[in-house]
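Take a look at the structure set out below.
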Amino acid sequence: MAAGSGGLKDATALVGIGQTPFAKRLPEDERTLACRAVLAALDDAGIAPGEVDALASYTMEETDEVELAKACGFGDLTFFSKVGYGGGGSCATVAHLAAAVATGQASVGVAWRSRKRGSGPRPWTNTAVQLPTPAQWTRPFGLLRPVDEIAMLARRYMHEYGATRDHLFNVALACRNRANQNPAAIMYDRPLTREMYMTSRWISEPLCLFDNCLETDGALACVVVSAERARDCRRTPVYVHSAAQSLPAQHHGMVNYWNDDPLTGPAWAAARHLWKHSDLTPQDVDVAQIYDAFTPLVLLSLEGYGFCGRGEGGAFTEGGALETGGLLPVNTGGGGLSEAYVHGFNLINEGVKQLRGTSTAQVPGASACLVTAGEGVPTSALLLRS
């Protein structure tokens with residue numbers, strides 16, 4: 001479908017990706033890291049900074065459009081947007097750029113995320129903003145951090161469907177095994193064993209240390225252009241086949257207390273829209289980059305996006321299903337659990353690498369990749385194809 005014809009299906013493509021090193025502590029400030037990732041992505045695409053006319057980022061991004069545009073030498077910007085809800089916004093940044101390019105509002109879009117979360121403060125430590133209205137019903141009772149809220153969902157899921165810590169370990173292990181193949185990953189040289197997992201300290205029971213994502217400094221970026229323009233770029237295009245955002249009815253971030261079913265999170269609504277506008281089905285997906293701030297989110301997403309039935313997410317992970325060569329290889333760069341946690345943006349870049357055939361844990365012949373944003377919060381997703 002050509003850009004400007006009224007649809008997003010394959011109208012645009014990701015043609016450049018870039019990233020900085022990942023570490024617990026990097027010396028550069030967030031703006032410098034952002035510029036380095038963006039310029040690397042443009043160089044990867046073979047596009048000059050002066051051609052950029054669209055930007056998309058997270059509301060939590062502290063480097064604004066003006067700073068980035070001046071520092072990187074962009075031309076006139078005709079489109080810029082920000083997406084809220086932290087990790088839920090990752091895929092939506094690309095979706096916004098795809099919509100802008102497909103409708104003629106812009107021609108070269110850049111999305112990015114720069115974060116010093118390893119060496120900087122945690123968002124929930126700011127006591128001045130601890131009690132927005134919904135939080136008045138949770139934080140005074142001890143649900144202070146995202147891990148506490150997801151632990152509640154995990155306990156409910158385990159109670160309802162019989163999932164076990166072994167199922168959560170399967171998620172953590174698959175991500176760690178892929179990180180052990182990726183020299184850029186924080187956990188590249190640190191294998192994980194079942195004994196290490198089962199004897200690690202609790203962070204918020206039933207979630208242990210290895211059920212939690214890393215805290216990372218680093219930045220990533222990607223470049224979106226029309227499918228027509230993509231054919232002339234330096235790298236093999238990766239097409240945005242379908243995209244979705246979701247803020248489901250009666251949603252309450254992380255815990256979904258006011259939903260009839262708290263285990264049917266935003267992934268379910270995003271998936272309905274994603275597949276409705278796709279020529280593909282879950283069975284056509286060769287590899288998935290599933291948002292993994294916490295291991296239980298992967299189980300919930302496997303169900304929400306249709307890879308298994310309701311309550312079957314735990315069982316789906318058995319027998320090496322998430323490993324290379326399994327039913328659905330996931331998070332092949334290591335994900336947020338073992339590569340880096342930069343609000344999920346590394347999952348987008350890894351999806352591009354898989355479809356280019358350049359991943360450090362390449363799935364042979366991969367031609368379709370699902371990328372998801374944060375489950376448990378208003379979310380987004382991309383279906384990419386080669």
Flag, side chain of [X] to backbone of [Y], donor-acceptor distance under 3.5 Å:
X: Asp53; Y: Val108; value: yes
X: His277; Y: Leu274; value: no
X: Gln362; Y: Ser359; value: yes
X: Asn259; Y: Asn256; value: no
X: Asn180; Y: Tyr188; value: yes
X: Thr20; Y: Ala219; value: yes
X: Ser114; Y: Glu30; value: yes
X: Asp292; Y: Thr295; value: no
X: Asp29; Y: Thr32; value: yes

Strictly below 4.0 Å, N to O, side chains only: are [X] and [Y] in salt-bridge contact?
X: Arg156; Y: Asp261; answer: no
X: Asp44; Y: Arg356; answer: yes
X: Glu323; Y: Arg178; answer: yes
X: Glu51; Y: Arg229; answer: yes
X: Glu61; Y: Lys82; answer: no
X: Glu215; Y: Arg117; answer: yes

* **Sole candidate of Val371, Val15, Ile17 that passes side-chain contact (heavy atoms from CB on, under 4.5 Å) when paired with Val352** =>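 So, applying the side-chain contact (heavy atoms from CB on, under 4.5 Å) to Val352 and each of Val371, Val15, Ile17, only Ile17 qualifies.
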* Would you confirm whether the ring centroid of Phe345 sits within less than 6.0 angstrom of the ring centroid of His343? =>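 Not under 6.0 Å, so no.
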Quick one: does [X]'s side chain get under 4.5 Å of [Y]'s, heavy atoms only?
X: Lys24; Y: Asp217; result: no
X: Tyr58; Y: Val83; result: no
X: Val342; Y: Arg115; result: yes
X: Pro296; Y: Tyr157; result: no
X: Thr332; Y: Gln289; result: yes

* Asked: Applying salt bridge (charged side-chain N to carboxylate O under 4.0 Å, His left out), which residue pairs with at least one partner in residues 161-174 are found, sequence neighbours left out?
  ->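 Of all non-adjacent pairs touching residues 161-174, those that pass salt bridge (charged side-chain N to carboxylate O under 4.0 Å, His left out) are Asp166-Arg194.
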* Please, which pairs that meet side chain to side chain donor-acceptor pair (under 3.5 Å) have at least one residue in residues 374-386, sequence neighbours excluded? ->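 Residue pairs passing side chain to side chain donor-acceptor pair (under 3.5 Å), neighbours aside: Asp10-Arg385.
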Show which side-chain atoms of residues 200-209 pair as donor or acceptor with protein atoms under 3.5 Å away, not counting sequence neighbours.
residue, atom, partner, partner atom, Å
Ser200, OG, Tyr197, O, 2.9
Ser204, OG, Asp148, OD1, 2.9

